Asker: 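Submitted below is the structure of interest, expressed as C-alpha cells.
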Number of protein chains: 4
Amino acid sequence: MLINLDFESSEPIYTQLVQEIIAGIAKKEILPGERLPSVRSLAADIGINLHTVNKAYQQLKQDGFILIHRQRGVVVNPDGIPAADEVYMNQLKKTLHPLVAESICRAVDADTFMQVCKELYQSFERGGKDE
Amino acid sequence: MLINLDFESSEPIYTQLVQEIIAGIAKKEILPGERLPSVRSLAADIGINLHTVNKAYQQLKQDGFILIHRQRGVVVNPDGIPAADEVYMNQLKKTLHPLVAESICRAVDADTFMQVCKELYQSFERGGKDE
Amino acid sequence: MLINLDFESSEPIYTQLVQEIIAGIAKKEILPGERLPSVRSLAADIGINLHTVNKAYQQLKQDGFILIHRQRGVVVNPDGIPAADEVYMNQLKKTLHPLVAESICRAVDADTFMQVCKELYQSFERGGKDE
Amino acid sequence: MLINLDFESSEPIYTQLVQEIIAGIAKKEILPGERLPSVRSLAADIGINLHTVNKAYQQLKQDGFILIHRQRGVVVNPDGIPAADEVYMNQLKKTLHPLVAESICRAVDADTFMQVCKELYQSFERGGKDE
DNA sequence: GTGGTCTAGACCACG
DNA sequence: GTGGTCTAGACCACG
C-alpha cells in the first residue's frame, strides 16, 4: 500500500494517514486480519514522528478499522469493518451537506454530482488509481 | 435566512458561517444582488466576534459568492456564483474521496451513497428543511 | 474539587485524573455546564505535562462527560452524562467479575461485598470523603 | 477448567490468566490441594509464552492462591485461600470506587449496582457460566 | 521488538 | 488565552 501525504495541506498529517489507510482497505490492498506496519517502522518509513502515526492508529482503532495488540502489533479488524449504522449515515449526510450546497450554487446538477460519486466508487473497485 | 451554528463542534465558527450562507444561497433564500447584513449587525445578531464574521465574509468574497462594497455593503454576487470549473471539480473529488472510501469499507454501496446525495439535492430544492 | 494523584501507582496518571474528575462529578462538586480548568492551568496546578491532562480530557470527552470548546475551554456536559446503556452494564459486569471471584475465594460473602458497594454509594452522596 | 483469554484485550495475558485461575477456584472447579498444570504444559496447551504462565503463577503464589513445589509441581493452597484482611478490603474499596463513581454519573442507582454484584455471586455458585 | 506513557518544547488556528 | 498538532526523546511492561 502506498501512503501519500501532503505536508503542505492544512489537513493534519494523522488525518491524512487515517484516510490513506482506509482507502487501502477500501481498495482491498490490505485485507481483514492482515498486519499493518508497526508504529515505529511506519513513522520511520514516512519520515514522521511516531506519535503522529500512533494518533492515526488510535483513531482507526476507535472507529473499528484495526485492532492493536500490544505485542503482535496492528492488524486490520479480522471481523471486517463495522457496517454503517444510523450514526454513520447521519454523519455522512452532515458532511455531504455543504458539498451539495456549494455544488448547487456552482450549477453542478444532481446527476453530475452523483456521476462523480459513481466514478469514485468505480475507481476503488478498479484498484483506486484516483488517489 | 436562519444561521445555525454549533458552538460545540470542532468545525471553526467562521467555516460554519460560510457554509450556512452558501446553504442559504443554494436554497435561494438569498438571491444574487441581495444584501447580506453588515459584519457588525450579523456579529451582534448571532452573538459572535466581529473578526469571525469578517473572516467568513472574506472567504465568501474570495470564492466569488459575495461582493463587499465599502459603501453599499455586502451583496450576493449579482452575476451569480461562478460556475464549477475543473479546479472546483477536482477539489470536490478530493473531498469526496475519503467519504467514498469509508463508505465502501462500511458496506454502503454506490446506489445508497448516490441516493443520499440525491435526497440532499432535493432537500435544497424543497427549501432545505434538512439543515 | 481536589485532584488526588498517586505518582507511585502503576495506574497511569491520565487514568487517575479521569477517575478523579468523574468522582468530582459524581459528588456533584462540579455540575453539568460548569467549567473545568484549561489544559494548561490544570497541568501547571498538578505539576504534570499538558499532554497528560489533554489525554485525560480527550477520554472524558469520548465518554460523554465533558465538551471541549476550542475557545471557551472545557465544560461538564450540560445535557448531563449519558445514562448507562447495555454496553456500559456489560463492561461493568466484566470489570466486577474478577473482583467478585477473588472475594469469593477470600471468604467475602455477597452481603459483605454489597455492603461495601452501598457504603461507597453513600460516601458519594455525603460528599465523598472516601477518596 | 476452561481458560478463556482475549488476545485483543489491553489487559495483559498474564493478568487474564491469573483471573481465570482465580475464577476456577471461586467456582470450585479446582479445589485446595489439587494440582494445576505445569508451567510448560499450560503454556503449550494455551499456546502462550512460558514466561507469561510463570508470571501468572508467581503472582498467584504471591497472593496465597497456590504453592509451587520444585518436585510436586503447582497446587492450589491446601490450607485454602487466605481470608480477606483489612488490606484486601481496602484494596477492594479502592478498586470499586471509580466503578461506583462512574455508575452514579450514569444514573445507575445503588440497588441496581448491588443487584449486578449479587447476580455475579450467584453465577459463581451455579458454576460460573457467566465467564 | 512492540505499543503505552510521560515529558519538554514548539508553532498554529481561532476568536 | 484556548485547544490542536507535531516533534524529539525517554523509560516501561509485555512476552
Side-chain angles (χ1 to χ4, degrees), chain A residues 5 7 9-17 35-44 46-59 61 66-75, chain B residues 5 7-17 43 46-56, chain C residues 5 7 9-17 35-44 46-59 61 66-75, chain D residues 5 7-17 43 46-56:
Chain A
L5 300 179
F7 293 94
S9 167
S10 67
E11 196 75 27
I13 295 174
Y14 82 91
T15 305
Q16 293 182 49
L17 185 49
R35 277 197 63 178
L36 264 63
S38 77
V39 170
R40 275 168 177 74
S41 69
L42 185 53
I46 308 181
I48 60 178
N49 192 279
L50 127 191
H51 290 115
T52 306
V53 175
N54 199 5
K55 191 161 186 177
Y57 275 6
Q58 290 299 331
Q59 185 173 322
K61 173 188 165 192
I66 63 173
L67 301 178
I68 302 178
H69 294 61
R70 243 188 286 215
Q71 309 311 327
R72 288 182 291 162
V74 179
V75 297
Chain B
L5 301 179
F7 291 95
E8 289 160 8
S9 165
S10 65
E11 197 75 30
I13 307 290
Y14 86 93
T15 306
Q16 292 183 49
L17 184 51
I46 313 183
I48 59 178
N49 197 297
L50 278 180
H51 298 104
T52 308
V53 176
N54 198 42
K55 196 163 183 174
Chain C
L5 300 179
F7 293 95
S9 167
S10 66
E11 196 75 29
I13 295 174
Y14 82 92
T15 305
Q16 293 182 50
L17 185 49
R35 276 198 64 177
L36 264 62
S38 78
V39 171
R40 276 170 176 74
S41 69
L42 185 53
I46 308 181
I48 60 177
N49 191 278
L50 128 191
H51 289 116
T52 306
V53 175
N54 198 8
K55 192 163 186 177
Y57 276 5
Q58 289 299 332
Q59 186 173 321
K61 173 188 165 193
I66 63 172
L67 302 179
I68 302 178
H69 295 60
R70 242 188 287 214
Q71 309 311 327
R72 287 183 292 164
V74 178
V75 296
Chain D
L5 300 179
F7 292 95
E8 289 160 10
S9 166
S10 65
E11 197 75 31
I13 308 288
Y14 85 93
T15 305
Q16 292 183 50
L17 185 50
I46 313 181
I48 59 178
N49 197 297
L50 278 179
H51 299 105
T52 309
V53 177
N54 199 42
K55 195 163 186 175

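Below, read A as the first sequence line, B as the second, and so on, with proteins coming before strands; counting in each chain starts at 1. Predicted model only: the values in this text are computed from it and were never measured.
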Asker: Could you tell me which non-hydrogen atom of C:Y57 sits nearest to which non-hydrogen atom of C:P37, and how far apart they are?
Answerer: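 So the two residues come closest at OH-O, 2.7 Å.
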Asker: To the nearest angstrom, how far is A:Y57 atom OH from E:dT2 atom C1'?
Answerer: 12 Å
Asker: Tell me: CG of C:L36 to C1' of F:dG3, nearest whole Å?
Answerer: 14 Å
Asker: With C:S41, which residues qualify under side chain to side chain donor-acceptor pair (under 3.5 Å), at least two apart?
Answerer: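 Scan of C:S41 (side chain to side chain donor-acceptor pair (under 3.5 Å), adjacent residues dropped) gives C:S38.
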Asker: So, using side chain to side chain donor-acceptor pair (under 3.5 Å) as the criterion, who are the partners of A:N49 when residues are at least two apart?
Answerer: A:H51
Asker: Check the pair B:F7, B:I48 against side chain to side chain contact (heavy atoms under 4.5 Å, CB included), reporting the backbone distance first and the verdict last.
Answerer: CA-CA 10 Å; B:F7 291 95; B:I48 59 178; 3.7 Å; yes
Asker: Check the distance between F:dG3's P and C:I66's CD1 and give it to me in whole angstrom.
Answerer: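 Rounding to the nearest Å, CD1 of C:I66 and P of F:dG3 are 10 Å apart.
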Asker: Mind checking what makes side-chain contact (heavy atoms from CB on, under 4.5 Å) contact with C:V75, not counting sequence neighbours?
Answerer: C:R35, C:L67, C:H69
Asker: Can you check whether A:N54 has a side-chain N or O nearer than 4.0 Å to OP1 or OP2 of E:dG3?
Answerer: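 No.
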Asker: Within the distance-only criterion (no hydrogens, no angle test), does the side chain of D:E8 pair as donor or acceptor with the backbone N or O of A:I68 below 3.5 angstrom?
Answerer: no
Asker: Both distances under 3.5 Å, Watson-Crick or G-U wobble: on that basis, could you give the dot-bracket string for DNA chain E, with [ ] for crossing pairs and | for other-strand partners?
Answerer: ||||||||||||||.
Asker: Using the test side chain to side chain donor-acceptor pair (under 3.5 Å), find all partners of A:T52 that sit at least two apart in sequence or belong to another chain.
Answerer: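 Per chain and number, A:T52 pairs via side chain to side chain donor-acceptor pair (under 3.5 Å) with no residue.
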Asker: Distance check needed: F:dG15 P versus A:H69 NE2, whole Å only.
Answerer: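 One finds 12 Å between P of F:dG15 and NE2 of A:H69, rounded.
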Asker: Give the rounded distance in Å between these two atoms: CG of A:L42 and C1' of E:dG3.
Answerer: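 The distance from CG of A:L42 to C1' of E:dG3 comes to 14 Å, rounded to the nearest Å.
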Asker: Reading nucleotides 6-14 of chain F 5' to 3', which nucleotides get B (base under 4.0 Å from a protein heavy atom), which S (sugar-phosphate only), which -?
Answerer: BBBB-B--B
Asker: Without swapping roles, check the side chain of C:Q16 against the backbone of C:E11 for a donor-acceptor pair under 3.5 Å.
Answerer: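 Side chain of C:Q16 to backbone of C:E11, a donor-acceptor pair under 3.5 Å: yes, one is there.
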